[in-house]
Amino acid sequence: MTGTPRKPSARSAAADRLRAAARRAPRIAKADLKALDVPTLWRGLIGRQAGLADRIVPRTGNSARLTVFAAAVMAFLAVFALALALATGRLADRWAEGLAQTVTVRVSAPADEMEAQTAAVTEALRTTPGVAEIRPLPSDEVEKLLEPWFGPDVPVDALPVPRLIEVHTTRDFDAAGLRLRLQGEAPGAVLDDHTQWRQPLVSAASRLRLLGWLSLALIGAAGAAIVTLAAQAALAANGQVIRVMRLIGARDLTIAQAFVRRLTRRAALGAAIGTALGMLAILALPDMQPAGDFLTGLGFTGWGWLLPLLIPPLGALVGFAATRAAALRMLREVR
Amino acid sequence: MIEMRDVAFAYPRGGALFQGLTLSLPRGSFHFLTGPSGAGKTTFLRMCIADLLPTAGKLTLFGQDAATMGRDAIAGLRRRVGLVHQDTQFLDHLPVAENIALPMMVAGEPIDMGAIRDLLAWVQMTGQARSMPPALSGGERQRAALARAVILSPDVILADEPTGNLDWDMSLRLLQLLVELNRSGKTVLVATHDLNLIRAAKQQVSARVLRIAGGRLQTAGAEL
């Protein structure tokens, strides 16, 4: 056997290292178990520098950019879906609130009976439970209501315009009971509780709100699907990495962690970019308030501006869960 | 450490590769595994790390029945076995030192650069720490693979045709490294069809030769 020219000190040091490693063996197993629970995995993901573990999977520029881009698009859409859900929610709440708390009594009668009928209606309203406030609409307000049809300076007094009484109600107000009572005491009075025109709007707004939340859920699911596909592609392209890691004793979670960390960070980065752009786009939308009460503006108000900030961490969470599931599923096919 | 009792193995849609294998590799032993190409030497080694399971018989690895081992237990087992693979599998995008450090990372150990430097010196690759695996020669790759195999001080070293692509001098150098490991108490099993290598080991170590042929394991019996 040919001897190898080596320094004895190096050989001895190597032997010492090997012996030291052997003594550490029980601690290795313990540390390994401790290091692989999900919270630790998560801490590893958000850690600034994961060192060698971060470099196990070779970097692939194009797929990385595509994952970031897809996550950004999803987050951008999510911001709009969230804005839609919140805006329609506000609209539905306001209409539902208005529907529940105001009614109008319209008094139609010949001119000589108008005052008597109005007085009878007012009296009936005063003694009706659930009526909080009665406000006969003054002529100038009626004029304003008619202006779109008859133009300015409507001679309200000269027209056979019904008298309108706005009634603010409380929760125990009984519209059907009042309607029956008015039929007896003031036959010319008609109670309009706005159901006919507001109920479909409230229903439409509620459905729009539901659609907004559904869109958010679908965007989340689509994002998870995209990240899953990216993870599967990355795993398939790195079969050699997986084989080598398994051969040297890597557990599935250890290998998965390398892929999960990479893709979760990309998903989080993309979601942050998309969210920022989406919020800027919402901010740039014209303010709809002056245009009327119907559209109060697709956007956020007050604390609502904080809600989109949840999208990046949620995006990261979706990326984390989707990649982890895909990686573990795929790794089980490799012994 | 590794025990087989009436072990048989057959690949799916293939005939029986071998059957009736019974042997025991005790701690600190040195074995050569020989046999013609295709006899099943690599399959045998893959069974020793539970990469393949016997289709019949009982395989016990470090006291555990291989058939009942979970995936995490198999991973733990592989950390106690250093494998020098026929194809010296590296992550080609990482430098040699980081490839050698991988088992430490996998085991949750802090990366011990001192140990890596010592091992590189031991395999005479000082100065190659930053080289990329594709730039290494066949002999360097085999020695780097050996360094990686022993970084966690495993109980067993398995080497699959470690000298297959090496010239004679390099083969002897690698053999000596394996002998040194055996002298430090490691169990060593070397699969090779190179009888000259086995003869060359004669002066260095007390080893037994196992031969797979005709689907059976023949124990040469005589120590070299």
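Just so it is clear, the values below take in all heavy atoms, side chains as well, and ignore hydrogens, waters and symmetry mates. Proteins come first, then strands; the chains are lettered A, B, ... in the order of their sequence lines, and each starts at number 1.
A 6.0 Å sphere centred on CZ of A/F69 holds no more than 12 heavy atoms belonging to other residues, nucleotides or ligands.
Counting only heavy atoms from C-beta outward, the side chains of B/D92 and A/Q240 never approach each other to under 4.5 Å. You'll find the side chain of A/R246 stays beyond 4.5 Å of the side chain of B/D51, heavy atoms only.
Considering only heavy-atom pairs separated by less than 4.5 Å from chain A, the leading option among B/E98, B/R148, B/H93, B/R117 is B/H93. Looking only at heavy-atom pairs under 4.5 Å with chain A, the residue among B/L83, B/I49, B/I74 that has the most is B/I74. Of the residues considered (B/L52, B/L53, B/V81), B/L53 shows the highest number of contacts with chain A, using heavy-atom pairs under 4.5 Å.
Contact of B/A101 with chain A is made through backbone and side chain together, with heavy-atom distances under 4.5 Å. The contact between B/I111 and chain A is made entirely by side chain atoms (from C-beta outward), counting heavy-atom distances below 4.5 Å. Contact annotation for B/L94: only side-chain heavy atoms (C-beta onward) come within less than 4.5 Å of a heavy atom of chain A. Contacts between A/I56 and chain B at a heavy-atom distance below 4.5 Å involve backbone atoms as well as side-chain atoms.
B/L91 and A/M245 get closest at one heavy-atom pair: CD1-SD, 4.4 Å. The two atoms that bring A/G249 and B/R79 nearest to each other are O-NE, 2.9 Å, heavy atoms only. The shortest non-hydrogen separation linking A/A250 to B/A75 is O-CB, 3.7 Å.
From B/R71, atom CZ reaches atom CG of A/L331 across 7.0 Å, with rounding to the nearest 0.5 Å. The structure places CG of B/N99 at 8.5 Å from CD1 of A/I248, a figure rounded to the nearest 0.5 Å.
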